[in-house]
Protein chains: 2
Amino acid sequence: MSEKDKTTEEKILEAARRIFVEKGMAGARMQQIADDAGINKSLLHYYYRSKDKLFLAVFRMAIRDFIPGIKGIIFSDISVYEKLDLFIKRYMDVLLSKPFVPMFILQEIQRDPERLFNVFLEAGIRPDYILKEFERSIDKGVIRGIDPKHLIINVLSLCIFPIAARPMMQRMFYANDPAAYQQFLNERKAVVSDFVINAIKP
Amino acid sequence: MSEKDKTTEEKILEAARRIFVEKGMAGARMQQIADDAGINKSLLHYYYRSKDKLFLAVFRMAIRDFIPGIKGIIFSDISVYEKLDLFIKRYMDVLLSKPFVPMFILQEIQRDPERLFNVFLEAGIRPDYILKEFERSIDKGVIRGIDPKHLIINVLSLCIFPIAARPMMQRMFYANDPAAYQQFLNERKAVVSDFVINAIKP
DNA sequence: GTCTATATCGGGATAGAC
DNA sequence: GTCTATCCCGATATAGAC
């Protein structure tokens, strides 16, 4: 689909996504979103009644993009180690294809965690199932005794943080070379998987 | 020092810190900072000429609070494992005593990474030394062959993320019980240290 | 140093023509 | 559906009295 064939609504959503991620909800300007989308400011209000509604639309879109690939893995019928490996790789793939999501969600976590929690619930994201599975694996001695909550948060940390903190890490470790850091993030899929698996092997 | 003995300037800085962390630079309101400090809005401008200057003051204070305990460890003369263990525990202690710092810095990373990088440089924060030390340890076979950059970023991720994402994690895993999550974070010092050390043992 | 009052401006939102 | 013009509130910032 060429740039011109995009509906106005699509152009708005994409522009809004860019600006909201860069500036956050409060820092974003409707004018800038309109400019970025190549349309008039009033049209934003025509399609979405308010800034808040536009933000929510972008937000839901981000969540939806983000989820489908993940849920399949969690409920699939493979070993814990395969599951962890697959999850980490798939999860990082999704994050790399939507690198704006981490900061977007972190900002929303501060702004209104309850609303975010409900969006997650709607999407069927709950830790219960995987928590139980880790517990069983620990009981069976398949993985080392670590509180499953810590394990989950470790995995999330290792995947999310390097993307959220990208501008600084890229500057510090790669003299601000985007291609080099991208390469680093690609390697990271295997590195994190190894790291976690080594850490929890009995 | 009682609440009353604090100078106006101190009261402003503390209030500003709270509000800036909660709302971010753009979302924060001078009025709210003034209310929170129990003073008049104009006084903010009397002490700090503008919102941006106030933000910068809070920011530098945050960095300064944050650094001293850390640097000592990096250059101390102990084994890599002891150093990692000590660093993780001390670093998380600092983060726990200044829990606003992670989001504050993450926001600033998006807003102006170059300025932040320079503030870090001023404070003497550079990854070179520890990077080299990890390399030597890998060459000697003391730790498993992992790209030292990944190792550093893993440690940072594991320490920082759970605090930055606290409101959501607390809601998901502890039914929003702050004391329970605080307890979780305290445990975490030892858990992360174990996790990392297990992951890199040859 | 601290307050009240006010200037000034930017930005979200709406009205209305086409 | 898309544009121009405009409203109006809220927020930063300043002036000036005490």
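Here the structure is a predicted model, which is why all the values come from computation and not from measurement. Throughout, a chain's letter reflects where its sequence line sits, starting with A, and its residues are numbered from 1. Computed from heavy atoms alone, side chains included, the values below leave out hydrogens, waters and symmetry copies.
Looking at A:Lys41, its side chain never comes within 3.5 Å of a backbone N or O of A:Gln32 through a donor-acceptor pair.
When the P atom of D:dT12 is taken as reference, atom OH of B:Tyr48 falls 17 Å away, rounded to whole Å. Look at NZ on B:Lys51: it is 15 Å from P on C:dG10, rounded to the nearest Å. Between the OH atom of A:Tyr46 and the C1' atom of D:dG1 there is a distance of 5 Å, rounded to whole Å. In this structure, A:Leu43 places its CG atom 16 Å from P of C:dA15, rounding to the nearest Å. Atoms CG (A:Leu44) and P (C:dG12) sit 9 Å apart, rounded to a whole Å.
Within the structure, the ring pair (Phe, Tyr, Trp, His ring centres under 6.0 Å) test picks out the following pairs touching residues 102-121 of chain A (sequence neighbours left out): A:Phe55-A:Phe104, A:Phe59-A:Phe104. Applying the side-chain hydrogen bond (donor to acceptor under 3.5 Å, both in side chains) definition to pairs two or more places apart or across chains, those involving residues 17-27 of chain A are A:Arg18-A:Asp36. Residue pairs satisfying the salt bridge (Lys or Arg N to Asp or Glu O under 4.0 Å) criterion with at least one member in residues 86-108 of chain A, sequence neighbours excluded, are listed as follows: A:Asp65-A:Lys98, A:Asp85-A:Lys89, A:Asp93-A:Lys189, A:Glu108-A:Arg111, A:Glu108-A:Arg115. Sorted by first and then second residue, the salt bridge (Lys or Arg N to Asp or Glu O under 4.0 Å) pairs with a member in residues 73-84 of chain A read A:Lys83-A:Glu133; sequence neighbours excluded. Pairs passing the salt bridge (Lys or Arg N to Asp or Glu O under 4.0 Å) check and including a residue from residues 147-165 of chain B, sequence neighbours excluded, do not occur.
Residues satisfying the side-chain contact (heavy atoms from CB on, under 4.5 Å) test with A:Gln182, not counting sequence neighbours, are A:Leu96, A:Arg166, A:Asn186. In terms of the ring-ring contact (aromatic ring centres under 6.0 Å, His included) criterion, residue partners of A:Tyr129 (sequence neighbours excluded) are, by chain and number, A:Phe75. Residues forming a side-chain hydrogen bond (donor to acceptor under 3.5 Å, both in side chains) with B:Arg171 (at least two apart in sequence, or on another chain): A:Glu114. In this view, A:Lys51 satisfies the side-chain hydrogen bond (donor to acceptor under 3.5 Å, both in side chains) rule with no residue, not counting sequence neighbours.
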(message) For DNA chain D, please output the secondary structure as dot-bracket, reading 5' to 3'. Pairs are Watson-Crick or G-U wobble, both atom distances under 3.5 Å; mark crossing pairs with [ ], other-strand partners with |, unpaired with a dot.
(response) ||||||||||||||||||

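Contacts with DNA chain C (heavy atom under 4.0 Å) in residues 15-36 of chain B: none are found.
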(request) List the protein contact pattern of nucleotides 4-9 of chain C with one symbol per nucleotide (5' to 3'): B for base contact, S for sugar-phosphate-only contact, - for none; contact means a heavy-atom distance under 4.0 Å. (result) BB----

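A centroid separation of less than 6.0 Å is found between the aromatic rings of A:Tyr174 and A:Phe184.
At the phosphate of C:dT14, neither OP1 nor OP2 sits under 4.0 Å from any side-chain N or O atom of A:His45. For D:dT2, one of the phosphate oxygens OP1 or OP2 lies less than 4.0 angstrom from a side-chain nitrogen or oxygen of A:Tyr47.
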